[in-house]
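Just below is one structure, and these are the notes that go with it.
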2 protein chains.
Amino acid sequence: MTRRVTSFDVAARAGVSQSAVSRVFSGASASKATVEKVREAAEALGYRPNVLARSLITGRSRIIGMVVAYLGNPFYPDALERFSREFQDEGYHTLVFTLPEGAEDTDTDRIIQQMLDHQVDGIVLASVGLGDALAARCEAAGIPVVLFNRGQEGSGLAQVTSANRVGGAKVADFLVAGGHTRIGHVAGWQGSSTGRDRTEGFVARLVELGQDCVGVEDGRYDHAEAVRVTDVLLDKGVDALFVGNDHMAFAVMDHLRCTLDLSVPNDVSVVGYDDVPMAAFAAYDLTTVRQPVGRMVKATVEALINQIEDKSAHAEVTEIDGPLILRGSARRPEGME
Amino acid sequence: MTRRVTSFDVAARAGVSQSAVSRVFSGASASKATVEKVREAAEALGYRPNVLARSLITGRSRIIGMVVAYLGNPFYPDALERFSREFQDEGYHTLVFTLPEGAEDTDTDRIIQQMLDHQVDGIVLASVGLGDALAARCEAAGIPVVLFNRGQEGSGLAQVTSANRVGGAKVADFLVAGGHTRIGHVAGWQGSSTGRDRTEGFVARLVELGQDCVGVEDGRYDHAEAVRVTDVLLDKGVDALFVGNDHMAFAVMDHLRCTLDLSVPNDVSVVGYDDVPMAAFAAYDLTTVRQPVGRMVKATVEALINQIEDKSAHAEVTEIDGPLILRGSARRPEGME
DNA sequence: CGTGATTTTGCACACCTATGCAAAATCACG
DNA sequence: CGTGATTTTGCATAGGTGTGCAAAATCACG
């Protein structure tokens, strides 16, 4: 294994000083002639700048810390893949941090320390399940943070979500227009902003339309829990269910159809939230509100990089609207294609 | 923003030299007394060793490069999450690299360069879709590599897969025992070892049992393609299908049931491979061969770390056996629970 | 206490690049 | 060509740690 080739080697061969080489590769000013000589020598020697040394001295690692929790919900892998691509295209890289199951404060602290240790330039918190404490600590550490698919009121943190309240309202409009009169809601986890917002927008619009929600039960973004509370709502005689995300909606549909032998949408209409790829599978054919992952990711990346490169850029709150995707799991209003 | 606290600061406060501090934190020998003093001073100042400086000098980053491609198949997010956890527990971290859609050689080169730039200590290639060229180049770069869920014969590379041939054979046994006489196969991508091995084990066992496979069609691990070739096989009058992975099996089942209005398993039995979480969903209730992700990941991590810490450790080829999980998508033999 | 064996410690340097500063070179222009 | 303005270049140092080497300290033991 031969020694690494350094900027000194290149300098020697090109007949210039090491700093000249450094300047060429870090984009500082240099004369045409030197740039040429250095490029040539570097090419010949196979030189590449040492990222570690560079980071050490500039204090910028070009690494983004990405904290994820439940990749079981297919919305997140999709997002993660896009994040990785986008960051790569911007010259950054993605260091993944996974929070253990029952994340304690001590775990949170460890994760943060590790991110600080690696001197990440920015952090994406990509999961509704992440506690407020984590976000607060990241902020306190002076590293730019963007919350993805998660809000936190009054925190002053940058955040990107879909228009959850509006989305909830769209579902209310749709179900009422479809002639449903006993509408229930398997809510997303009420400890999360997405869960609360969707519920809030949904219930508020129902009331505006002169209906009362027959029941709201927290499904906690969990399969088993969603099934359990579905039974509770069925006891109240619902004819339509708005479920807080697609992942739970699948469980609810399975339960209705396979366990209880009910028909969806004839006996009960089901509407989800997210529009994960699986929602389009024929077995579910789920009517749902689309979260525009692509645009959400782009907005997040942009916001984060802005903060990193221009420290004065202040935190922005972005909400991206998504359409209701009409499929077969919910009865459609007359004449609506 | 206050300056970082360095080993010199700690040394000053503890009344020792900087090297003493270094030794305490890198686990070298030191007297009880100094360890005590240094620990105390470090605690008081909130000192943490600078990972970059450390990596720069030791040449080891404690970062693992993880190359993934299609996170659309839920098998991989699951694996990724586990990898991240396992590596974290071992004091390593996971830098994610995503290959663009139509990965060209030039893309591959760029990824490799980026991994070299970051001086990753090891690499996990976690996707059947990754070309041989990538693996070869990683190897050539002198960095330990382990192929996850992907083999490459005669390459001398370490690899961890499930027992794909055996798994294929299990499916053959099961379908024949179930009384099927016209068995077809929607194969996994034949450009990948997993695809080929499953097919090989399956077909070989069928022949052993005195049956001929009615047809083998490459589904290329793709939804649309799987559906297309299913039609081809149906034209040949199959009464059972072994599908190369669960992801395709879902598409096949949707097509059979929802488009063609056939019954699974009454008209056609379907068996998959992977046992992703979704296979247990009631809508599919898919009989499938389980890939023991947990054990596969552990084996991969172990093999990689062995190679990293003991350069003399040579590449091992690990195959982990998984059971056939009986569910409702395929007719069961008499008396089999 | 004396002597040799062993452990602990500090010094100085290596790792590789970016950058402030002043000298050198180039340019513009009368 | 002369002079000042501007660009380019090299020198030297910083960034924070690990580690070989020799000196110092400790230990074992007669």
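What you see below is based on every heavy atom in this structure, not just the backbone, and it leaves out hydrogens, waters and symmetry mates. Lettering follows sequence order; numbering is per chain, from 1.
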Quick one: side chains of residues 53-65 of chain B, donor-acceptor pairs under 3.5 Å with protein atoms, not counting sequence neighbours, listed by atom name and distance.
residue : atom : partner : partner atom : Å
B:R54   : NH2  : B:F25   : O            : 3.4
B:S55   : OG   : B:V51   : O            : 2.9
B:S55   : OG   : B:R60   : O            : 3.3
B:T58   : OG1  : B:R54   : O            : 2.9
B:T58   : OG1  : B:R60   : N            : 3.2
B:T58   : OG1  : B:R60   : O            : 3.4
B:R60   : NH2  : B:Y92   : OH           : 3.2
B:S61   : OG   : B:I63   : N            : 3.2
B:S61   : OG   : B:Q119  : O            : 2.6
B:R62   : NE   : B:G91   : O            : 3.0
B:R62   : NH2  : B:E90   : O            : 3.2

What is the distance, rounded to the nearest whole Å, between atom [atom1] of [X] and atom [atom2] of [N]?
{"X": "A:R60", "N": "C:dT19", "atom1": "CZ", "atom2": "P", "result": "10 Å"}
{"X": "A:K37", "N": "D:dT8", "atom1": "NZ", "atom2": "P", "result": "14 Å"}
{"X": "A:H118", "N": "D:dG16", "atom1": "NE2", "atom2": "C1'", "result": "16 Å"}
{"X": "A:D117", "N": "D:dG16", "atom1": "CG", "atom2": "C1'", "result": "13 Å"}
{"X": "B:D9", "N": "D:dG15", "atom1": "CG", "atom2": "C1'", "result": "13 Å"}
{"X": "A:Q119", "N": "D:dT17", "atom1": "CD", "atom2": "P", "result": "10 Å"}
{"X": "A:R4", "N": "C:dC15", "atom1": "CZ", "atom2": "P", "result": "12 Å"}
{"X": "B:K32", "N": "D:dA25", "atom1": "NZ", "atom2": "C1'", "result": "19 Å"}

Under the 3.5 angstrom rule, does the side chain of [X] hit a backbone N or O of [Y] as a donor-acceptor pair?
{"X": "B:T318", "Y": "B:V160", "result": "no"}
{"X": "A:R85", "Y": "B:L99", "result": "yes"}
{"X": "B:Q88", "Y": "A:T98", "result": "yes"}
{"X": "A:Q159", "Y": "A:L157", "result": "yes"}

- The residue among A:D78, A:V124, A:L304 that forms side chain to side chain contact (heavy atoms under 4.5 Å, CB included) with A:F83 is A:V124

- Query: How about A:Q114: does its CD atom have over 12 heavy atoms from other parts shown lying under 6.0 Å from it?
  - Reply: yes

- Query: Within a radius of less than 6.0 Å around CD of B:E319, do more than 12 heavy atoms belonging to other residues, nucleotides or ligands occur?
  - Reply: yes

- Among the candidates C:dC16, D:dG15, D:dT17, find the nucleotide nearest to the side-chain atoms of A:L56. D:dG15

- Item | DNA chain D base-pair string [pairs: Watson-Crick or G-U under 3.5 Å; |: paired with another strand] | ||||||||||||||||||||||||||||||

- Task: Mind checking A:S22 for me? I need base, sugar-phosphate or nothing, with any heavy atom below 4.0 Å counting as a touch.
- Result: base

- Task: Can you measure from CG (A:D121) to NE2 (A:H93) and round to the nearest 0.5 angstrom?
- Result: 11.5 Å

- Message: One character per nucleotide, please: for nucleotides 9-14 of chain C, 5' to 3', B when the base has a protein heavy atom closer than 4.0 Å, S when only the sugar-phosphate does, - otherwise.
- Response: BBB--B

